[in-house]
Amino acid sequence: NNPKEDILTSCKATAMIYNDAQKKWLHCASNGPAKIQLLFSSETQTYRIVGRQIQDHEVVLNHSISKGIKYNQATPTFHQWRDQSSVYGLNFSSKLDAQEFGLTMMKILENV
Ligand SMILES: CC(=O)N[C@@H](Cc1ccccc1Cl)C(=O)N1CCC[C@]12C=C[C@@H]1CC[C@@H](C(=O)N3CC[C@@H]4C=C[C@H]5CC[C@H](C(=O)O)N5C(=O)[C@H]43)N1C2=O
């Protein structure tokens, strides 16, 4: 971890990406849930979302949270967002995780 990044929130969720051609959601990795973190870098004053598979630590999500992204809390345990190129989804393990993640994401989006 870059020591200069603050972990704003951390939770367990399955990272998904929408395949527009097939019109279906695909898992970003095949082996179960990931640890999803919202990070703030004081050095660059930027936020990013990082997801690492719990089983093998594979990085399945890693992108900066920019002004342009649109975030949608589709259900109490499934949130999704789109940027210029893709649509991502998080299937949370619990409603509480989803609530906390959503609140943190909304605060970030007010500040980017
Ligand atoms: C205008 C727009 O982009 N709309 C987006 C949602 C959205 C709204 C506002 C800001 C950002 C976003 Cl991503 C949208 O509707 N999208 C993005 C691509 C797929 C989808 C377009 C159409 C389908 C209709 C059903 C819904 C969907 O995919 N859902 C709803 C929540 C549900 C929850 C979990 C995932 C997991 C597997 C299951 C499934 O696909 O079988 N599924 C879904 O069916 C999810 N859909 C979508 O989320």
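Atoms within a ligand are numbered from 1 in the order they appear, just like the ligands themselves.
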[atom] [closest protein heavy-atom partner, distance rounded to 0.1 Å]:
atom	value
atom 26 (C) of ligand 1	W25 NE1, 5.0 Å
atom 30 (C) of ligand 1	A74 CB, 4.5 Å
atom 17 (C) of ligand 1	V87 CG1, 3.8 Å
atom 22 (C) of ligand 1	Y18 OH, 4.8 Å

Applying the side chain to side chain donor-acceptor pair (under 3.5 Å) criterion to Q80, which one of N72, N91, T75 satisfies it?
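Among N72, N91, T75, the one that satisfies the side chain to side chain donor-acceptor pair (under 3.5 Å) with Q80 is N72.
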For Y18, which fellow cluster members are found when Ile, Leu, Val, Met, Phe, Trp and Tyr are connected by side-chain heavy-atom distances below 4.5 angstrom, either directly or through intermediates?
M16, W25, F78, V87
For the residue pair [X] and [Y], establish whether any side-chain heavy-atom pair is separated by less than 4.5 Å.
X	Y	result
I65	M105	yes
V50	R48	yes
N31	D56	yes

Do any non-hydrogen protein atoms sit less than 4.0 Å from [atom]?
atom	result
atom 15 (O) of ligand 1	no
atom 42 (N) of ligand 1	yes
atom 19 (C) of ligand 1	yes
atom 9 (C) of ligand 1	yes
atom 33 (C) of ligand 1	yes

NZ (K24) with more than 12 external heavy atoms under 6.0 Å
no
Atoms of ligand 1 close to R82 [distance to a heavy atom under 4.0 angstrom, numbered from 1]
1 (C), 2 (C), 3 (O), 9 (C), 10 (C), 11 (C), 12 (C)
Per-atom filter on ligand 1: closer than 4.0 angstrom to a heavy atom of Q80 are 6 (C), 7 (C), 13 (Cl), 47 (C), 48 (O)
Parallel, tilted or perpendicular: which fits the ring planes of F92 and H79, with parallel below 30° and perpendicular above 60°?
perpendicular
Please tell me whether E5 and S41 have a donor and an acceptor in their side chains that are separated by less than 3.5 angstrom.
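Note: E5 and S41 side chains miss the donor-acceptor criterion.
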